[in-house]
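Contents: one structure, followed by commentary.
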Amino acid sequence: MWKKHGMRFLVLCLVLSLSFPVYASSTKDKLSDAEQDRKDMQNRIEAVEDKIKELDALRKDAKAYIAAMDAELAKAEENLVDLQNQTAAKEEEIAQTEIELAHAKEVESEQYESMKIRIQFMFENGNQSYLDLILNSGSIEEILNKVEYISQITEYDRKMLEEYKKTRAEIEEKEAQLVKEHEELEILVAQAEEEKAAIELLINSKAQQLAQYEEDIAASEAELEEMEAEAAALDNRIAELEEQWRQENSRVIYDGGQFLFPLDYYSRVTSEFGWRDHPIFHTQRLHNGIDFGAPSGQPIKAAYRGEVVIAEYSSSAGNYIMLNHGNGLATVYMHCSKFNVSVGQVVEKGDIIGFVGSTGNSTGPHLHFSVRLNGEYIDPGPYIGMY
């Protein structure tokens, strides 16, 4: 009977002994998978951030190009207006010249008609006129004067006709030159209009590209926001799994004692626990610890006896250390310049575990000290006797 029950007890013990490692291994596997998912997510986030930077650079280039083209368009429009004004002025000159030419032709015609009348009169009455001059003249001198007068009139008519013809020819030449200049201006106006249209086409094309860049940036930023939310969820899942794994494998038990202040001589608080405007990203974020200003290389001490469960680099926390103190309690030390411990090591209260630095997202050398209880960040002040 005893052997029967004893055998059952041994089998039960064997089953129980096997079940705990499997459970722990399962938690570790889940943690490993979650951490890999987080790394993959971080790679995706960085890829999208790089894409946004690239698109932003293209957007800036497009804006600069459009601004330059706007300046060129303004010059082209100014040139076009100037040419149009010159063309209008030339048209007025041509119109005025046409009036002058019409007047010159009219005067020439009148002079020609007057001259014809006088020539016809002298031709028809030539002999009688000369006879009258001789008979009615009182002397030879008077006859010669009258003959000279008739000759001067004839010469005057001829001379005036030649001058009017010359004036008309000059005006016609002037009109032809003005028409030629007008045609040349019309060609320049057409070219200026083509140039203006080409610049406007370039601006419209680049504006469409700019709109596409802005649309792509907006889409990428929305995608980034979703991925950051997923990353935050993964961080929470990892924290839960870490806490679960630490509890399952904890080699230390917190006995409720007072924590040690993690720095010697340096207790100046540069940023308190709670919501704040992030100094780098300029957004409202929860500051999950207390920052203490201290020079690089200052030793960082373990606040209490614990097991080193994390000693690695993070893009945000830099080189950071997490100590598990048991009973769901852990402390975190961020932005270290270097480590003085390794994962799996059990340290005593006051042991030097690392050194102050400014790694990760940091604006200067300091220690970011956090306390976690059952996976949640809490105010570390009471644990180190600040209040």
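Values below: all heavy atoms of this structure, side chains included; hydrogens, waters and symmetry mates excluded.
No donor-acceptor contact under 3.5 angstrom links the side chains of H335 and N361, judged on distance only. Looking only at atom types and distance, the side chain of Q209 has a donor-acceptor partner in the side chain of K206 under 3.5 Å away. Side-chain N/O atoms of H182 and E91 include a donor and acceptor closer than 3.5 Å. With no hydrogens or angles considered, no side-chain donor-acceptor pair links Y254 and N324 at under 3.5 Å. A donor-acceptor contact closer than 3.5 angstrom links the side chains of E181 and Q177. In the model, Q208 has no side-chain atom that pairs as donor or acceptor with a side-chain atom of N204 under 3.5 Å. With 3.5 Å as the limit, one finds no donor-acceptor pair spanning the side chains of D61 and Y213.
Taking every heavy atom of both residues into account, L80 and A192 meet most closely at CD1-CB, 3.8 Å. Of all heavy-atom pairs spanning S337 and V356, the tightest one is OG-O, 3.1 Å. Of all the heavy atoms in A231 and I45, the pair that sits closest is CB-CD1, 3.9 Å. Of all the heavy atoms in S314 and Y320, the pair that sits closest is CB-CE2, 3.8 Å. Scanning all heavy atoms of the two residues, the minimum distance from I321 to C336 falls at CD1-SG, 4.3 Å. Taking every heavy atom of both residues into account, L323 and A302 meet most closely at CD1-CB, 3.7 Å.
Using a distance-only test at 3.5 Å, with no hydrogens or angles considered, no donor-acceptor pair links the side chain of S271 to the main chain of D291. Looking at T359, its side chain does come within 3.5 Å of a backbone N or O of N319 through a donor-acceptor pair. Not a single donor-acceptor pair under 3.5 Å links the side chain of H366 to the backbone N or O of T270. Side-chain atoms of K338 do not come within 3.5 Å of backbone N or O of G297 as any donor-acceptor pair. Without hydrogens or angle criteria, S358 side chain to G364 main chain gives a donor-acceptor distance under 3.5 Å. With S205 contributing its side chain and L201 its backbone, the two residues share no donor-acceptor pair below 3.5 Å. In this structure, the side chain of S370 engages the main chain of N288 through a donor-acceptor pair within 3.5 Å. Looking at Q298, its side chain never comes within 3.5 Å of a backbone N or O of P295 through a donor-acceptor pair. N327 places no side-chain N or O within 3.5 Å of a backbone atom of L329 that could act as its donor or acceptor partner.
Residues Q42 and K39 form no side-chain contact, since every pair of their non-hydrogen atoms from C-beta on lies 4.5 Å or further apart. With a 4.5 Å cut-off on side-chain heavy atoms, M386 and I290 count as touching. Between E221 and E225, every side-chain heavy-atom pair lies at or beyond the 4.5 Å cut-off. Side-chain atoms of E230 and M41, non-hydrogen and from C-beta on, do get closer than 4.5 Å to each other. With a 4.5 Å cut-off on side-chain heavy atoms, I203 and Y65 do not count as touching. No side-chain heavy atom of L55 sits less than 4.5 Å from a side-chain heavy atom of R59. Inter-residue side-chain proximity for D70 and E72 is flagged as unmet; no heavy-atom pair is nearer than 4.5 Å. Two residues are said to be in side-chain contact when any heavy atoms from C-beta on lie closer than 4.5 Å; L263 and L367 meet this criterion.
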Kindly determine whether K75 and N79 satisfy side-chain contact (heavy atoms from CB on, under 4.5 Å), including the steps that lead there.
CA-CA 6 Å; K75 292 179 182 178; N79 181 51; over 6 Å; no
With ring pair (Phe, Tyr, Trp, His ring centres under 6.0 Å) as the test, would you mind laying out the steps for F355 and F339 before giving the verdict?
CA-CA 7 Å; F355 301 90; F339 305 124; over 10 Å; no
Go through V347 and V308 one step at a time and tell me if the side-chain contact (heavy atoms from CB on, under 4.5 Å) criterion holds.
CA-CA 7 Å; V347 297; V308 180; 4.2 Å; yes
What verdict does the side-chain contact (heavy atoms from CB on, under 4.5 Å) test give for I378 and R372, after you've listed the backbone C-alpha separation in whole Å, the side-chain angles of each residue and the deciding distance to 0.1 Å?
CA-CA 6 Å; I378 60 174; R372 290 168 61 89; over 6 Å; no
Carefully, step by step, assess L224 and I52 under the rule side-chain contact (heavy atoms from CB on, under 4.5 Å).
CA-CA 9 Å; L224 181 62; I52 290 174; 3.9 Å; yes
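A salt bridge links K301 with D264: at least one charged nitrogen is closer than 4.0 Å to a carboxylate oxygen. With respect to the salt-bridge test (charged N to carboxylate O, under 4.0 angstrom), the residues D33 and K30 do not qualify. Using a cut-off of 4.0 Å between Lys/Arg side-chain N and Asp/Glu carboxylate O, K60 and D56 are scored as salt-bridged. A salt bridge links K196 with E200: at least one charged nitrogen is closer than 4.0 Å to a carboxylate oxygen.
Taking the six-membered ring for Trp and thresholds of 30 and 60 degrees, H325 and Y304 have ring planes more than 60 degrees apart, a perpendicular arrangement.
Under a cut-off of 6.0 angstrom, the local environment of CD in E348 is crowded, with over 12 non-hydrogen atoms contributed by other residues, nucleotides or ligands. Within a 6.0 Å sphere centred on CD of E49, other residues, nucleotides and ligands contribute more than 12 heavy atoms.
A ring-ring contact (aromatic ring centres under 6.0 Å, His included) with F261 holds for exactly one of F369, F292, Y383; it is F292.
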